[in-house]
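Below is one structure, written out as structure tokens; the observations come after it.
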Amino acid sequence: DQIGDAAKKLGDASYDFAKEVDWNNGVFLQAPGSFQPLKALKAIDKMIEMGAAADPELLKKAADAHHKAIGSISGPNGVTSRADWDAVNAALGRVVASVPKQKVMDVYDAVKDITDPKVPAYMKSLVNGADAEKAYQGFLEFKDVVAANQVATASAAATVPTGDKIGTAAKALSDASYPFIKDIDWLSDIYLKPLPGKTAPETLKAIDKMIVMGSKMDGNLLKAAAEAHHKAIGSIDAKGVTSPEDYEAVNAALGRIVASVPKQTVMDVYNSMAKVVDPSVTNNMFSKVNPLDALSAAKGFYTFKDVVEAVQ
Ligand code: DGD
Ligand code: CLA
Ligand code: PID
Ligand code: PID
Ligand code: PID
Ligand code: PID
Ligand code: PID
Ligand code: PID
């Protein structure tokens, strides 16, 4: 297709740049400017809306392309192969083309709103500047091809199951865990701190398992989960906590996407995350909430998971 061909040209223009970026640099975990959690949540919300509007099949393929690209990483900078670099760009270009232009621009504008204007120049200062400019020129040509292949209207909303066992179980889970949810400091910057003692390549392994799980999920249910998160963001209070109803809908939606993949795929995520999350992290989280609320939430989760497993 045209986007695939254009991605090869983009690769010619941008792979030198890609090789120069230190993908293992911890700076990429930081907020791109001053820490503004509520504004950042708005930017994430725009990404969620774009993701929910995208073609689920193309999203799956983009996830697969990333998984493959992680497999061809080489060298100290963590760069993927030239072929996989092109394949990722093509896959993301197709995702972008599957949503209306305005949804893409809404993401750009919202991310711009939390990005310090000095950030791009700082990024450029870490690589060969001429190669960055060549890459950007390539991006400008690529985006014209994407725009020429772009849909004008968003795809239909997801169909949300009703009266299913997971939906019923989500009510009990939500009742048992909402007090805990209210104890958590959602606006803290602690969630942007590096995982103690872990390197980027180690963490990427765990993320890879999530990418694999995402690509196996039922596309309609994943879309529904994105829509439920978007709705929940719309009902947050000043501390970032969503309403009980929207919280319940998120739990139901997540239970359904978990049930749509094999158990082993879920356990692969859990086991790989357990390897990178030091027990001190969990204990620290626990120390900041009411312990009885956390235990009630945990009990609710362990009951919920049996219902999910039964329909998995
Ligand atoms: C950049 C963009 C990269 C900056 C990276 C910041 C992104 C941080 C993302 C954090 C999100 C949070 C997610 C994590 C959550 C964690 C939860 C725990 O360097 C601009 C200005 C605005 C920059 C910010 C907006 C970036 C938006 C990127 C999309 C968002 C993606 C989402 C990412 C999140 C995660 C994904 C899953 O646009 O951009 C560089 C540009 O900066 C440079 O400016 C451009 C002008 O816009 C353009 O108009 C033009 O002036 C251009 O062109 C210069 O500069 C000139 C000529 O006109 C060209 O023809 C050509 O010759 C060129 O020069 C060659 O040099
Ligand atoms: Mg990605 C984007 C890393 C998995 C879907 N992703 C980005 C970039 C960053 C990144 C490079 C955001 C920061 C930025 O804009 O820099 N993703 C990244 C990693 C992983 C990952 C490390 C780990 C596996 N992503 C992943 C998965 C999905 C996505 C699983 C779902 C399938 N990701 C996704 C989308 C988008 C990203 C939809 C974006 O739109 C965003 C992005 O790249 O926006 C431009 C700048 C970008 C780069 C350095 C890489 C692109 C290089 C282009 C082609 C040329 C360079 C031009 C110029 C020098 C800088 C960009 C300017 C900008 C205004 C265009
Ligand atoms: C400028 C000036 C003009 C020239 C110009 C110009 C530049 C405009 C630009 C630009 C626009 C632009 C847009 C970009 C958009 C990037 C969008 C990224 C979206 C990320 C998402 C992440 C996610 C997911 C995902 C799916 C999940 C939901 C999420 C489901 C169902 C200034 C050059 C025209 C870069 C969507 C993918 C996993 C949230 O206009 O003179 O330069 O860049 O998890 O959904 O699972
Ligand atoms: C524009 C203007 C509107 C019209 C429009 C428009 C276009 C927007 C577009 C577009 C946005 C867009 C985004 C793209 C992003 C591509 C990002 C590629 C990232 C590749 C990576 C590869 C890799 C790896 C990996 C992880 C490793 C690092 C690597 C570590 C820690 C402008 C059409 C709406 C194409 C990250 C995955 C293995 C490098 O908005 O008018 O057209 O395209 O090895 O991580 O090692
Ligand atoms: C400039 C002027 C214009 C011309 C121009 C220009 C240059 C702009 C530039 C540039 C922008 C730019 C951006 C770059 C972005 C790279 C993003 C990389 C993201 C990598 C990540 C990696 C990671 C992980 C991971 C998970 C870990 C955290 C991490 C935990 C809990 C100035 C040329 C346009 C290079 C996200 C995945 C392992 C961080 O604009 O005229 O030159 O470069 O380790 O999670 O640990
Ligand atoms: C233990 C001991 C026994 C008892 C026991 C026990 C506990 C096991 C447990 C547990 C397992 C477990 C699993 C959990 C899994 C969580 C998985 C999260 C996945 C996240 C993803 C994120 C993403 C995306 C997304 C889609 C994108 C890709 C991504 C596309 C196509 C120890 C109790 C049995 C909690 C997938 C969603 C946006 C990466 O066994 O005695 O306690 O918890 O962006 O994909 O867009
Ligand atoms: C298990 C054992 C195997 C069998 C198995 C199994 C099950 C795994 C499961 C499962 C995993 C799982 C995960 C679930 C997660 C639910 C998470 C809910 C989150 C809700 C939030 C709501 C909100 C918001 C929001 C953003 C705001 C904060 C809030 C800010 C900054 C165990 C079956 C495989 C159900 C986050 C969105 C508005 C609070 O593996 O043997 O069954 O379920 O307002 O952000 O303000
Ligand atoms: C213990 C012992 C067992 C019993 C037990 C137990 C407790 C475990 C616990 C606990 C675990 C736990 C975990 C918690 C996790 C909370 C995660 C919140 C994430 C929030 C985020 C918010 C955000 C943003 C956002 C984007 C911004 C960045 C942020 C940018 C660029 C010990 C009870 C089981 C509470 C990610 C979205 C706005 C950070 O196990 O016997 O009690 O709690 O602002 O992006 O700015």
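For ligands, and for the atoms within them, numbers begin at 1 and follow the listed sequence. Model, not experiment: these values are computed from the prediction.
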Under a 4.0 angstrom heavy-atom cut-off, which atoms of ligand 8 come close to [X]?
X    : answer
N283 : 32 (C)
A40  : 27 (C), 30 (C), 45 (O), 46 (O)
F35  : 44 (O)
S188 : 39 (C)
P37  : 38 (C), 44 (O)

Open item on the list: Check for me whether M217 has a heavy atom closer than 4.0 Å to any atom of ligand 6.
Closed with: yes
Check: [X]/[Y] side-chain N/O donor and acceptor closer than 3.5 Å:
X    : Y    : value
S177 : Y247 : yes
Q2   : N149 : yes
T80  : W23  : no

I'd like to know if [X] pairs up with [Y] as an ion pair, taking the criterion as any Lys NZ or Arg NE/NH1/NH2 lying under 4.0 Å from an Asp or Glu carboxylate oxygen.
X    : Y    : result
D16  : K134 : yes
D268 : K209 : no
K61  : D64  : no
K46  : D109 : no
R82  : D12  : yes

Identity and separation of the nearest protein heavy atom to [atom]:
atom                    : value
atom 36 (C) of ligand 3 : M47 O, 3.3 Å
atom 18 (C) of ligand 8 : Y191 CE2, 3.3 Å
atom 34 (C) of ligand 3 : K143 CE, 3.8 Å
atom 22 (C) of ligand 6 : M210 SD, 3.9 Å
atom 33 (C) of ligand 3 : L140 CD2, 3.6 Å
atom 17 (C) of ligand 3 : V107 CG1, 3.6 Å
atom 32 (C) of ligand 3 : Y108 OH, 3.4 Å
atom 15 (C) of ligand 8 : M285 SD, 4.0 Å
atom 31 (C) of ligand 3 : G51 O, 3.5 Å
atom 16 (C) of ligand 6 : V269 CG1, 4.2 Å

[X] side, atom [atom1]; [Y] side, atom [atom2] - distance, nearest 0.5 Å:
X    : Y    : atom1 : atom2 : result
D113 : K39  : CG    : NZ    : 4.0 Å
M123 : K118 : CE    : NZ    : 13.5 Å
I257 : M217 : CD1   : CE    : 4.0 Å
F139 : N89  : CZ    : CG    : 9.5 Å
K231 : E245 : NZ    : CD    : 7.5 Å
Q137 : L140 : CD    : CG    : 5.5 Å

TODO: From atom 35 (C) of ligand 8, work out which of I184, D45, L29 has a heavy atom at the shortest distance.
DONE: I184
Task: Of the listed options G214, A62, A54, closest to atom 27 (C) of ligand 6 (non-hydrogen atoms) - done: G214
Short list, please: which atoms of ligand 6 are under 4.0 Å from a heavy atom of [X]?
X    : value
Y302 : 33 (C)
K305 : 33 (C), 34 (C)
V266 : 13 (C), 15 (C)
M267 : 8 (C), 11 (C)

Look at [atom] and say whether a protein heavy atom is found at less than 4.0 angstrom from it.
atom                    : answer
atom 10 (C) of ligand 3 : yes
atom 7 (C) of ligand 8  : yes
atom 20 (C) of ligand 6 : yes
atom 13 (C) of ligand 3 : yes
atom 1 (C) of ligand 6  : no
atom 4 (C) of ligand 6  : no
atom 41 (O) of ligand 3 : no
atom 24 (C) of ligand 6 : no
atom 38 (C) of ligand 6 : no
atom 44 (O) of ligand 6 : no

Task: Region of V95 engaging ligand 3 - heavy atom pairs below 4.0 Å - done: neither
Open item on the list: Looking at A158, is its backbone amide N or carbonyl O close enough to the side chain of E227 to form a donor-acceptor pair, meaning the two atoms are under 3.5 Å apart?
Closed with: yes
So do [Y] and [X] actually touch side chain to side chain, heavy atoms under 4.5 Å?
X    : Y    : value
V21  : V127 : yes
I233 : T242 : no
L192 : Q30  : no

Open item on the list: Below 4.0 Å, non-hydrogen atoms only: which portion of I257 touches ligand 6? Side chain, backbone, both or neither.
Closed with: neither
- [ ] Return the minimal non-hydrogen interatomic distance between F180 and A297, and the atom names on each side.
- [x] CD2-CB, 3.7 Å
TODO: Given side chain to side chain contact (heavy atoms under 4.5 Å, CB included), test T159 with N220 step by step and report yes or no.
DONE: CA-CA 7 Å; T159 18; N220 171 60; 3.3 Å; yes
- [ ] Have a look at ligand 8 and work out which part of P291, if any, has a heavy atom under 4.0 Å from it: side chain, backbone, both or neither.
- [x] neither
TODO: Provide the number and element of each atom of ligand 3 under 4.0 Å from a heavy atom of A226.
DONE: 31 (C)
